[in-house]
Amino acid sequence: MAREKVIDFSALEKKWQRKWESAGIFRAREKKNAKKFYILEMYPYPSGSGLHMGHAFNYTIGDVYARFKKMNGFCVLHPMGYDSFGLPAENAAVKAKSHPKKFTEDAIRNFMKQQKALGLSYDWSRMIESHKPEYYKWDQWIFLKMFERGLAYRKKAPVNYCGKCKTVLANEQVVNGKCWRHEDSDVEIRHLEQWFLKITDYADELNSYLDRLDGWPETIRAMQKNWIGKSSGTEVDFFIDGKKWSVFTTRADTLFGVTFLVVSAQHPDLMSLVTPEQKNKVEMFLKKLRSVSEEDIVKLDKEGIFSGSYAEHPLTGEKIPVWIGNFVVADYGSGMVMGVPAHDQRDFEFAKKYNLEIKQVITIDEKRNKLSELLEEEFEKFLRHANKNNKKPIIVGGFASRLIYGKPYRNHKDIDIFIDAKDFDFWKEYFVSNGYQDYREEGDVKRDYSKYALYIKEIDGVDVEFDVWVVKTNKKGNFVDFEFVNERETTIKKEHIIEIKYRGLLVNVSKERGLLLDPNQNLKRAVDNCFTGISAYEGYGILINSEGFDGLKSGEAREHITNALEMRKKGRKKIAFKLRDWLISRQRFWGAPIPVIYCDSCGVVPVNEKDLPVKLPENIKFSSAENPLKKYEKFVRVKCHKCGKDARRETDTMDTFIDSSWYFLRYTDSKNSKKIFESRKANYWMPIDFYIGGKEHATGHLIYFRFVTKFLRDLGLLKFDEPALRFFNQGMLHGPDGRKMSKSYGNVILPESVSKKYGMDSARLFLVSVASPDKDIDWSDKGIEGSARFVLRVMNYCFGFKDGKTNTRMAHKLNKTIKNVSDYIEGLRYNLAVISLRECFGVIEEEGISREDLKKFVKMLSVFAPHVSEEIWSKLGGKGFVSASAWPEADEKKIDEKLEKAERSFEKAVEDIRNVLRIVESRGKKAGKVYVYVLPNELGNYDSIKLGERLGVSTKVYAVNDSKKYDPEGKSKKVKPGRPGIYVE
RNA sequence: GUGGGCGUGCCGGAGUGGUCAAACGGGACAGACUCAAGAUCUGUUGGCUCAGUGCCUACCUAGGUUCGAAUCCUAGCGCCCACACCA
């Protein structure tokens, strides 16, 4: 019957969209006594092909949240804009022989229309477009400010050049050696003067502040950490012909194993190292390298050539040959590395290939294996004794070998244990009777030997040592060594003590101290590898062949060797980053011009701030893919404002990632023509409380926007350190075939067609209910039909609504739903929220509900299905917009878990009875009547009429103690709590 | 190689120590309504057993911890993503 009432969803949606807009309910306003909430989805590039369902998915996730927050009384800022500079528009313009501006603005108009049709709660009055001079003026302003502070600089650098785009690409734009837009185009290397932003000045902060971003997905944080790539090591100075060359290493402990140096084949000063005899060979080598494409370089064998020069080892003074290699990264560290073939696999291969010396300086301790076994044996013995006597000392450390008492390296293992004071003598007896020597030395005034003991036994030349510490518990219940009550080192927190089983024996250990007692993970594993001569040993160990440092462990040796270098002024501790400076020059038209001019007498001159923006010319012809600015005299020719002479304008434009690195700030004051933004406003709305976007920006945009925010903070414009508190990656919507939605696959789903057929609300509901929003999902016609069915059911019910009463079951369900849905939305588990709503509606249909309570349900539904909810709301006589109403509050008093339990047993009973009925019917009998026997106190849970309705058979319920009950087979004897007895006839 | 994630019933996907043979949706099957189809409603959907509430086998595989594991630990297999000659 529902079919006749075909609903014109498109009309209904348009109606409410218009009303929302004219009432301006989604305008963001600063209010003093309400909390603000800034929610943002990454602004899109307005592609010419328009918006597909994948975009809708993305925006719906934000929209649900924005609506939820608004209904919860927050001042919500939820803006939208367009990332409208960029290559595709320019390419399209070339093709269509028109101007990218026209093309872009058409696309924006189209995109906006489509977005509005989704019913998103944006404040459109703050819309921004990055290609507008009012906007990119501030890109240029930021550039000038960076230039002033030395953060924008020019450098000749090898850059990635795509022949198809005819432009330089940033590292992020190179995918497997190919252009990110042209999978078939190899990227070539060219050397050009380029503008860079010194993001590396912020590397340390960008790295360390990641720890504060606990609202970000772990994966993104990990990716950024990895990308920034902080590593601490040592910078070692090698002298070559009296000139200093610094080399970065994280393995200073292998310094004595250096048998050659390798400088990057891309190093700018490379030729100064090459001796005349080697010059020809080197040049041939370099020529050969250049003929190899970027991609193949990665796959290439390590290759190199001798430069002819020798360096002086900073500690031994030995002569070390300097090589040129293809495997050294030119712009990491100093572009030169030390070759330690014995302990680095790459160096090893290189040395084998060119017959260079391999000098081993690290050895593993052969005795360690045996040592471990021995120690474990002793430890087991100790534990057995403890278990037998009901003692449980706490193991806080040990199983480590170390240098003892300043003596030269000697095999030694120790175990630190914490014991109770009253066990002191007990353990003394044990150790002594097991052949341990009490090793407490007199004369150490710092220690009270009645509360500390040190038992050592020598077995096969190895010292096994138990350090016994008497401890007490402090106020917090933590364990503290008597002697060092105030020192953290000997305080063990009680929550770090865990009980584990070790070879069947119980033992308390301190988690924090990292004692590895898991049988699968003992020390043997760590020393399994040994130096075979077939490959390098890259692990740590004990130093040999290292002059005065022999016998030290790697970790200690690193410190000592660095200190030794430092004393001789030939090295120092250093922190290196993988992060490179941000190359922002693009040899393209459609971007913000870099505000710089070149004057023959003044050099590089920044444009005056008052002359901003440097506008892109509008009446310019596009004929080829090359930047037309270069040949556009009116743009290029300019007078130097310093000296008045003729000068040239920079024709490169800025990377579009500049635009997006601060756009979120502009939303807070998008119409300001005097300033980039009013600090007061930015500080009010920022930081973004909730930012939504794709994972692909993890090491691009999401680093840049942090960088620029920090920079603007340092200019004094902002009072916070990070742009976004919480970041969320939405999943990707695939086509019905499970493949990425793309025109070439022909699997693109358009919102328009979906809206017409099922309504946008059904689509929204479907998108968020398939899975949690961070998962990739496939579009499914069946799936949306399911959602549409639900929407229709709700509409039918509400449109024909007859006032009812909310009974206790209904009240319980409704209030529990309110509670759950609120929590689920807050935690972005929209799928579960929708399920709760569905379940709740099922109960509404069964039980009936009061008008006011139904409205509460509609409110919750409205964040997912705003249009139909408005329609229902108005039909139910709701005031104003449901979208502007207050989120319902759960009345905890009405939530009664007992009811739910009762319901569960009711359902179970229904199931049981059905089972019996089935059996009866399978025997050819027809069930006429069902008798149910329940415990007297459960009588209220089983309603005869309801049961009868569910079963389709007339049903009678008796209490077991009812003397008048009809029970010919004595089934009432089977009754248990929550389980009724059943008789069918 | 490094870092991160994941492996659940026919499918999508909930579920992180007992209340789990596993939410919810989809599909399939059966029934009701209908001349019929669609829509809608009801039920079934691991196996066995059966006047019931019982048993067995199950959450990639193998072990382990636990009174108890889809859930925790270890190892293995498989899949996905990102970075990748970073010294």
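Every chain is numbered from 1 and lettered A, B, ... according to where its sequence line falls, protein lines coming before strand lines.
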*asked:* We want to know whether A/Ser772 and A/Asp774 form a side-chain donor-acceptor pair, criterion being a heavy-atom distance below 3.5 angstrom.
replied: yes

_Pairing donors with acceptors under 3.5 angstrom, does anything connect the side chains of A/Thr200 and A/Asp581?_
yes

*Evaluate side chain to side chain donor-acceptor pair (under 3.5 Å) for A/Ser246 paired with A/Asp237, printing each intermediate quantity in order.*
CA-CA 4 Å; A/Ser246 298; A/Asp237 299 338; 2.9 Å; yes

For [N] versus [M], give the span between their [atom1] atoms, rounded off to a whole number of Å.
N     : M     : atom1 : value
B/G26 : B/A39 : P     : 12 Å
B/U8  : B/G1  : P     : 25 Å
B/G38 : B/A30 : P     : 12 Å
B/C85 : B/U16 : P     : 41 Å
B/G43 : B/A37 : C1'   : 22 Å
B/C55 : B/A69 : P     : 16 Å
B/G76 : B/C24 : C1'   : 34 Å
B/C11 : B/U61 : P     : 15 Å

Now, which nucleotide makes the Watson-Crick or G-U wobble pair with [N], with each of the two distances under 3.5 Å?
N     : answer
B/A39 : none
B/A82 : B/U2
B/A69 : none
B/U45 : B/G27
B/C50 : none
B/G17 : none
B/A58 : none

Which nucleotide in [options] has an atom nearest any side-chain atom of [X]:
X        : options             : answer
A/Arg914 : B/G52, B/U42, B/A14 : B/U42
A/Arg838 : B/G25, B/A84, B/A14 : B/G25
A/Asp912 : B/G52, B/A87, B/A23 : B/G52
A/Val329 : B/A87, B/G12, B/G52 : B/A87
A/Trp227 : B/A87, B/C83, B/A14 : B/C83

If you look at every strand shown and take non-hydrogen atoms under 4.0 Å, does [X] touch a base, only sugar-phosphate, or nothing?
X        : result
A/Gly786 : sugar-phosphate
A/Gly335 : nothing
A/Val328 : base
A/Lys578 : base
A/Tyr983 : base
A/Ser780 : nothing
A/Ser787 : nothing
A/Glu218 : nothing

*If you count the non-hydrogen atoms of other residues, nucleotides and ligands that lie under 6.0 Å from NZ in A/Lys757, is the total more than 12?*
no

*Is it the case that more than 12 heavy atoms not belonging to A/Lys929 sit under 6.0 Å from its NZ atom?*
yes

Does the side chain of [X] get closer than 4.0 angstrom to OP1 or OP2 of [N] through an N or O atom?
X        : N     : answer
A/Arg793 : B/U40 : no
A/Arg789 : B/U40 : yes
A/Lys775 : B/A14 : yes
A/Thr219 : B/G3  : no
A/Ser836 : B/C24 : no
A/Arg221 : B/G3  : no

Tell me: [atom1] of [X] to [atom2] of [N], nearest whole Å?
X        : N     : atom1 : atom2 : answer
A/Asn831 : B/G13 : CG    : C1'   : 8 Å
A/Lys782 : B/C10 : NZ    : P     : 21 Å
A/Phe766 : B/G25 : CZ    : P     : 14 Å
A/Leu765 : B/G12 : CG    : P     : 21 Å
A/Trp216 : B/G4  : CH2   : C1'   : 16 Å
A/Leu210 : B/G4  : CG    : P     : 14 Å
A/Leu828 : B/A14 : CG    : P     : 14 Å
A/Ile220 : B/G4  : CD1   : P     : 14 Å

*Between A/Ile835 and A/Phe248, just flag the one whose closest nucleotide in RNA chain B comes earlier from the 5' side.*
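So the residue in question is A/Ile835.
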
_Along RNA chain B (nearest heavy atom to each residue), the more 5'-positioned of A/Asp344 and A/Ala222_ =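 Closest to the 5' end, via its nearest nucleotide, is A/Ala222.
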
*cation_pi(A/Lys956, A/Tyr958) dist<6.0 Å, angle<=45*: yes

*So among A/Thr249, A/Thr254, A/Asp253, which one has a side-chain hydrogen bond (donor to acceptor under 3.5 Å, both in side chains) with A/Arg251?*
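Answer to the side-chain hydrogen bond (donor to acceptor under 3.5 Å, both in side chains) test with A/Arg251 among A/Thr249, A/Thr254, A/Asp253: A/Asp253.
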
*Determine, for A/Glu839 against A/Lys813, whether the closest basic-nitrogen to carboxylate-oxygen distance falls under 4.0 angstrom.*
yes

_Heavy-atom side-chain proximity of A/Arg558 to A/Thr234 below 4.5 angstrom_ =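 No; the side chains remain at least 4.5 Å from each other.
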
